[in-house]
Amino acid sequence: NLIDDGVFRVDVPKIGKVWKFGDLLDEFRGNFNAMIIARGKNGTLDIDINPGSEVEVNGGDALYYMSNRTANVDWEKL
């Protein structure tokens, strides 16, 4: 229900890991009922709307997602 949803941003921590966008998309959808809509690249003003599943997400990047609540991501377990 879009009326109850908002757009949120989460900053990806710098913990020496790299994730695939598609894996994070599945994680957010399955665990937070959220849809990631964009990735902001670390250190730039570039925002990639709906990137491909194989795009790498690094620490320092930002993810923008739609949900009815904020996502409490346990990055160490991903």
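Because the structure is a prediction, the values reported are computed rather than measured. As a basis for the values below, the full set of heavy atoms in this structure was taken, side chains included, without hydrogen atoms, waters or symmetry mates.
The neighbour count for N72 CG, taken as heavy atoms of other residues, nucleotides or ligands under 6.0 Å away, does not exceed 12. Other residues, nucleotides and ligands contribute at most 12 non-hydrogen atoms within 6.0 Å of the NZ atom of K14. Counting non-hydrogen atoms of neighbouring residues, nucleotides and ligands closer than 6.0 angstrom, the CG atom of D26 exceeds 12 such neighbours.
Side-chain contact between D23 and E27 is absent, with no heavy atoms from C-beta onward closer than 4.5 Å.
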Tabulate below the donor-acceptor pairs under 3.5 Å that side-chain atoms of residues 47-61 make, not counting sequence neighbours, or state none.
| unit_1 | atom_1 | unit_2 | atom_2 | d |
| --- | --- | --- | --- | --- |
| D61 | OD1 | N42 | N | 2.8 |
| D61 | OD2 | N58 | N | 2.9 |

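Under the rule for a ring pair (Phe, Tyr, Trp, His ring centres under 6.0 Å), Y64 has no partner lying at least two apart in sequence or in another chain. Every residue two or more places apart in sequence or in another chain that forms a ring pair (Phe, Tyr, Trp, His ring centres under 6.0 Å) with F28 is listed here: F32, Y65.
In this structure, CD1 on I15 lies 8.0 Å from CG on L78, to the nearest 0.5 angstrom. Residue F8 holds its CZ atom at 7.5 Å from CG of N68, rounded to the nearest 0.5 Å.
When hydrophobic clusters are built by joining Ile, Leu, Val, Met, Phe, Trp and Tyr residues whose side-chain heavy atoms come closer than 4.5 Å, directly or via intermediates, V7 is grouped together with M35.
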List the steps and the verdict of side-chain contact (heavy atoms from CB on, under 4.5 Å) for L63 and W19.
CA-CA 12 Å; L63 298 175; W19 298 268; over 6 Å; no

Let's go through I36 and M66 carefully: what are the C-alpha distance in whole Å and the side-chain angles of both, what is the deciding distance for side-chain contact (heavy atoms from CB on, under 4.5 Å) to 0.1 Å, and is it a yes or a no?
CA-CA 6 Å; I36 303 174; M66 293 178 59; over 6 Å; no

